[in-house]
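Letters A, B, ... mirror the listed sequences (proteins, then strands); counts begin at 1.
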Amino acid sequence: MADEKEVRYDPAAIEPKWQQRWAADPTLYAAEPESSGKPKYYVLEMLPYPSGQLHMGHVRNYSIGDALARYMWMRGYNVLHPMGWDAFGLPAENAALKNNTPPREWTLSNIAAMKRQMLRIGFSYDWATEVTTCLPEYYRWNQWFFLRMYEKGLVYRKKSRVNWCPECATVLANEQVINGYCWRHEDTLVEQRDLEQWFFRITAYAQELLDGLDKLEGWPEKVRTMQRNWIGRSEGTEIDFAVENRSEKIRVFTTRVDTIFGATSVQLAPEHPLVTALAAADAGLKTQVAGLIDEQKKAKESGNMGEIEKHGVPTGHFAINPYNREPIPIWVANYVLMDYGTGAIMSVPGHDERDFEFAKKYAIPIRRVIAPADPNAEEPELPFSAEDGVLVNSGEYNGFACTQAQKLLQEVAVRGAFGEAAITFRLKDWGVSRQRYWGTPIPMIHCERDGLVPVPYEKLPVLLPEKIEITQQGGSPLSRVADFVNVTCPKCGGPAKRETDTMDTFVDSSWYFYRYTDAKNAKAPFDPAIAQYWFPIDQYIGGVEHAILHLIYSRFWTKVMRDQGMVKNDEPAQRMFTQGMVIKDGAKMSKSKGNVVSPDDMVERYGADATRMYALFAAPPDRDLDWQEDGVAGVSRFLARVWRLVERHSANARGESVDSHPSSKEPSKDGAPSGGAALKLLRKLHQTIAKITQDFEGRWHFNTCVAAIMELVNELQAADAQLASGEIPAPVVRELLRTLVLLLAPFAPYLSAELWEELGGEGSILRAQWPKSDPGLAKEDEIEVPVQINGKLIAVVRVASDADPKQFEAAALADEKVKARIAGKTVANVIVAPGRAVNLVVK
RNA sequence: GGCUUGAUGGCGGAAUCGGCAUACGCGGUGGUCUCAAAAACCAUUGGGAGCAAUCCCGUGUGGGUUCAAGUCCCACUCAAGCCACCA
């Protein structure tokens with residue numbers, strides 16, 4: 001009985017043992033200082049929100065990063081592989097309401113639970129650099145940055161119409177509104193409210209954020225495109241239209257000033273100041289405009305602004321086209337947005353689809369002012385929005401090409417002082433005020449006499465009060481804490497009140513990765529010299545859901561710090577990798593769908609190695625992964641096979657000298673079965689090393705890396721008798737098994753540590769050298785080459801791998817099946833792709 | 001409506017440069033071991049025809065380029081993601 005137990009792979013015994021040993025060695029996963037002299041490598045996975053439970057998406061994310069970190073260590077790099085907690089945020093307050101637990105307590109106990117899970121799976125984090133954003137040691141630096149940015153004019157306060165989630169009872173950034181719904185509450189419509197809010201001037205960096213994307217070649221094209229669309233730059237012209245019998249002017253923004261002779265109306269957004277002024281004197285108009293505003297609001301809220309039924313109201317007033325003095329009617333339209341461009345457009349129904357639809361509905365004239373460049377071409381049907389035509393019906397500008405006319409008309413506007421070139425961005429400033437408790441207090445004071453007064457640096461941090469009652473009341477919870485609110489003004493010493501808004505938690509995650517490099521620093525967010533050594537991040541890994549929010553804010557923050565001389569890099573991360581989602585039964589894992597698989601369950605049943613290795617094996621890391629428990633069982637069976645294989649032969653492999661192994665000798669081609677078998681296995685081994693190394697260096701298809709190791713193990717197992725009998729010499733057995741274990745190390749750290757020890761490996765396998773593939777050994781003597789006739793596969797012939805094209809051709813023509821096929825026919829051509837195929841063109 | 005991905009056996013997926021389609025794993029079938037089972041191991045597993053050797057068909061659909069296409073080009077269908085009267 002005892003013997004039987006001994007030959008069973010038991011992760012439940014192996015894994016806790018190594019957890020203890022790893023925990024006892026704080027240097028194992030520790031980053032070293034620059035003075036180590038090794039090349040640095042910073043691999044970063046996105047820090048989780050401490051919900052209390054690791055989910056499979058986390059496990060997948062961290063398994064990818066962990067494999068990379070371990071590989072880089074074995075390649076001799078100085079690796080920084082940190083982990084932390086995005087620990088502020090609303091769920092802690094909701095939990096407080098529900099369970100009557102203080103947010104801090106709830107959050108910290110969740111962190112402890114998730115950390116235990118991470119340790120159990122065996123991720124190689126340097127816990128000495130752990131960052132927890134809800135602790136004053138961290139958030140004080142949010143406040144410090146806030147003050148610095150305030151000094152530089154990058155923070156400002158304004159009354160603005162904001163997105164308000166009634167469920168969160170707080171403001172949301174534009175990025176947090178998804179189709180009119182709250183990003184956290186998928187069923188809650190976001191409302192619009194007017195509030196005094198704090199903003200970060202991210203638009204000051206709009207152009208640089210856009211330009212920088214071109215240089216981020218190590219980022220997924222998908223992410224770069226999404227950011228480009230989000231920044232939404234468009235180049236055009238602003239033109240002033242005078243209003244008949246009134247002093248106001250209407251400024252419109254257009255990208256197609258070349259079509260201005262086709263403008264047959266001006267359309268204003270319902271919230272345009274001129275509309276408000278006109279409506280004030282016209283009760284009928286006022287009611288109708290209110291209706292339009294309502295329609296817009298409803299459309300925005302339901303997320304189909306794109307399908308809003310176009311609807312407008314004539315004001316009865318006229319605007320003067322400055323180019324031809326033509327009066328055109330001024331309308332108010334529900335499809336014109338106040339928060340984009342100037343909130344007013346010139347309507348050119350002949351050359352814009354939206355304007356066309358509107359003009360049709362209200363019988364506004366439609367005019368052709370652009371014709372195809374080719375005079376023989378048929379006149380295209382209106383609306384014709386192509387930009388490659390020439391101007392017609394445009395007075396003195398007839399005959400100019402569109403792009404030419406755009407420049408010319410713009411110059412005319414500038415000279416006439418009624419317009420100018422303009423660039424409009426879709427990107428808005430980042431609203432960071434939140435009327436919540438569990439966040440970083442904004443370090444500002446409102447004094448009756450001195451107005452806004454920043455909290456002096458030496459008074460930081462502004463501590464979040466610990467004792468607070470969380471209620472469902474609206475407004476800032478902090479405003480109900482008298483001790484917190486009532487202060488003396490730092491300037492005049494008079495009575496004053498603290499700002500009670502807290503910061504958006506995306507502030508926390510915009511710079512956390514710098515803090516990792518110097519996590520204990522009590523004098524500054526980090527030491528610039530240390531950050532300069534580690535930055536930029538060599539590889540950032542996370543979910544695509546952060547492609548816009550987090551990744552654009554992080555880029556902004558880095559540029560701000562650079563301009564303040566804190567860092568030298570323009571971008572936070574050199575390379576970015578977005579992993580796919582983990583799905584089950586065709587849907588994303590979620591509680592509501594009841595298809596959640598718990599990592600703890602998997603670890604208990606199959607072990608941590610099998611769980612994380614399956615997460616890498618089931619799909620390439622950038623694609624969605626369909627979780628199938630049978631697959632985890634399969635990986636676990638494979639690991640058991642590896643374990644038994646090494647157990648069977650470890651005595652044979654252990655303690656032998658490596659010097660005399662036959663890989664350095666001339667292979668015995670014709671006979672000695674031992675040499676043949678050994679050589680065959682060594683060849684497979686070196687092919688596998690090459691394949692996996694290549695994948696780590698580029699493609700990252702870890703699923704095929706695992707498959708390659710499986711193939712190697714299958715071959716070793718098939719040669720089991722030779723391995724045991726001495727037919728394959730002990731030093732070769734030793735090299736085969738030790739290398740196999742090294743190759744497994746990035747994917748299955750527990751098993752490889754155990755087997756490394758079993759095979760007499762010295763020290764931690766993490767410090768062992770990554771194997772190097774010997775190209776001579778990896779190369780096949782003979783290769784199989786397909787022979788096609790007219791593109792159809794007929795035969796496979798064996799040819800020396802270094803044969804020349806003539807030999808390929810001769811081998812193909814010598815094949816019996818080929819001979820039979822071409823008998824009596826003419827071989828018109830022979831195409832040889834050396835090493836790949838031979839194709840005979842036969843007539 | 002725009003942009004970006006993707007579509008390969010019963011399932012997850014492989015084929016990295018245009019050169020043997022389906023590696024590897026799951027599942028299935030048959031077997032060895034066992035009193036029996038589990039585990040493990042061995043064999044087999046895209047479809048069709050045939051006793052067989054063998055032949056034919058096959059990577060969402062339709063065209064094209066090429067000696068050769070899962071891979072490149074064009075058009076389309078479906079699915080996922082992002083943006084969306086953005087002037």
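- A/Gln694 comes within 4.0 angstrom of a nucleotide base, judged by non-hydrogen atoms across all strands.
- Phosphate contact (OP1/OP2 of B/rC67, side-chain N/O of A/Arg836, threshold under 4.0 Å): absent.
- Side-chain atoms of A/Asp355 and A/Tyr335 include a donor-acceptor pair closer than 3.5 Å.
- Residue contacts for A/Glu309: at a heavy-atom cut-off of 4.0 Å it reaches a base atom on one of the strands shown.
- A straight line from CD of A/Gln227 to P of B/rC3 spans 20 Å, rounded to a whole angstrom.
- Atom pair A/Leu793:CG and B/rG70:P shows a separation of 13 Å (rounding to whole Å applied).
- Looking at heavy-atom distances under 4.0 Å, A/Glu221 makes no contact with the nucleic acid at all.
- A/Ala833 comes within 4.0 angstrom of a nucleotide base, judged by non-hydrogen atoms across all strands.
- Distances shorter than 4.0 Å separate some side-chain N or O of A/Arg644 from OP1 or OP2 on B/rC41.
- Comparing B/rU16, B/rC11, B/rA40 by their nearest atom to the side chain of A/Gln628 picks out B/rC11.
- Base orientation of B/rC41: anti, since the glycosidic angle falls outside 90° of 0.
- Comment: A/Arg648 engages A/Asp720 in a salt bridge, judged by a side-chain N to carboxylate O separation of less than 4.0 angstrom.
- Each of B/rC83, B/rA87, B/rC3 was ranked by its minimum atom distance to the side chain of A/Thr225; first place goes to B/rC3.
- Between B/rC24 and A/Asn703, no contact under 4.0 Å exists linking OP1 or OP2 to a side-chain N or O.
- Both tests pass for A/Arg426 against the ring of A/Trp230: distance under 6.0 Å to the centre and angle within 45° of the axis.
- OP1 or OP2 of B/rC86 has at least one side-chain nitrogen or oxygen of A/Arg354 nearer than 4.0 Å.
- The side chain of A/Arg426 sits closest to B/rC86 out of B/rG13, B/rA15, B/rC86.
- Atom pair A/His701:NE2 and B/rA15:P shows a separation of 7 Å (rounding to whole Å applied).
- With hydrogens and angles left out, the side-chain atoms of A/Tyr606 and A/Glu629 include a donor and acceptor closer than 3.5 Å.
- One atom, NZ of A/Lys691, and another, C1' of B/rA15, lie 11 Å apart when rounded to the nearest Å.
- Within 6.0 Å of the CD atom in A/Glu353, the count of heavy atoms belonging to other residues, nucleotides or ligands does not exceed 12.
- Under 4.0 angstrom from either OP1 or OP2 of B/rC86 there lies no side-chain N or O belonging to A/Arg233.
- For A/Asn714, the listed nucleotide lying nearest its side chain is B/rG25; candidates were B/rG25, B/rU16, B/rA14.
- Outside the 6.0 Å centre-distance limit, the rings of A/Phe617 and A/Phe638 are not counted as a close aromatic pair.
- At the phosphate of B/rA87, OP1 or OP2 sits under 4.0 Å from a side-chain N or O atom of A/Ser234.
- Contact between the side-chain N/O atoms of A/Arg224 and the OP1/OP2 oxygens of B/rC82 is not found at any separation under 4.0 Å.
- Base pairing of B/rC82 is made with B/rG2, judged by Watson-Crick or G-U wobble geometry with both donor-acceptor distances under 3.5 Å.
- Distances shorter than 4.0 Å separate none of the side-chain N or O atoms of A/Gln788 from OP1 or OP2 on B/rC67.
- The partner of B/rG30 is B/rC42, judged by Watson-Crick or G-U wobble contacts that both fall below 3.5 Å.
- For B/rG9, the base adopts the syn conformation, since its glycosidic angle falls within 90 degrees of zero.
- In this model, the phosphate group of B/rC57 is approached by a side-chain N or O of A/Lys792 to a distance below 4.0 Å at OP1 or OP2.
- Remark: the backbone N or O of A/Leu274 is paired with a side-chain donor or acceptor of A/His272 at under 3.5 angstrom.
- Within 4.0 Å of A/Asp624, counting heavy atoms only, lie sugar-phosphate atoms of the nucleic acid but no base atom.
- Computed from coordinates, the A/Ile709 CD1 to B/rG25 C1' distance equals 14 Å when rounded to whole Å.
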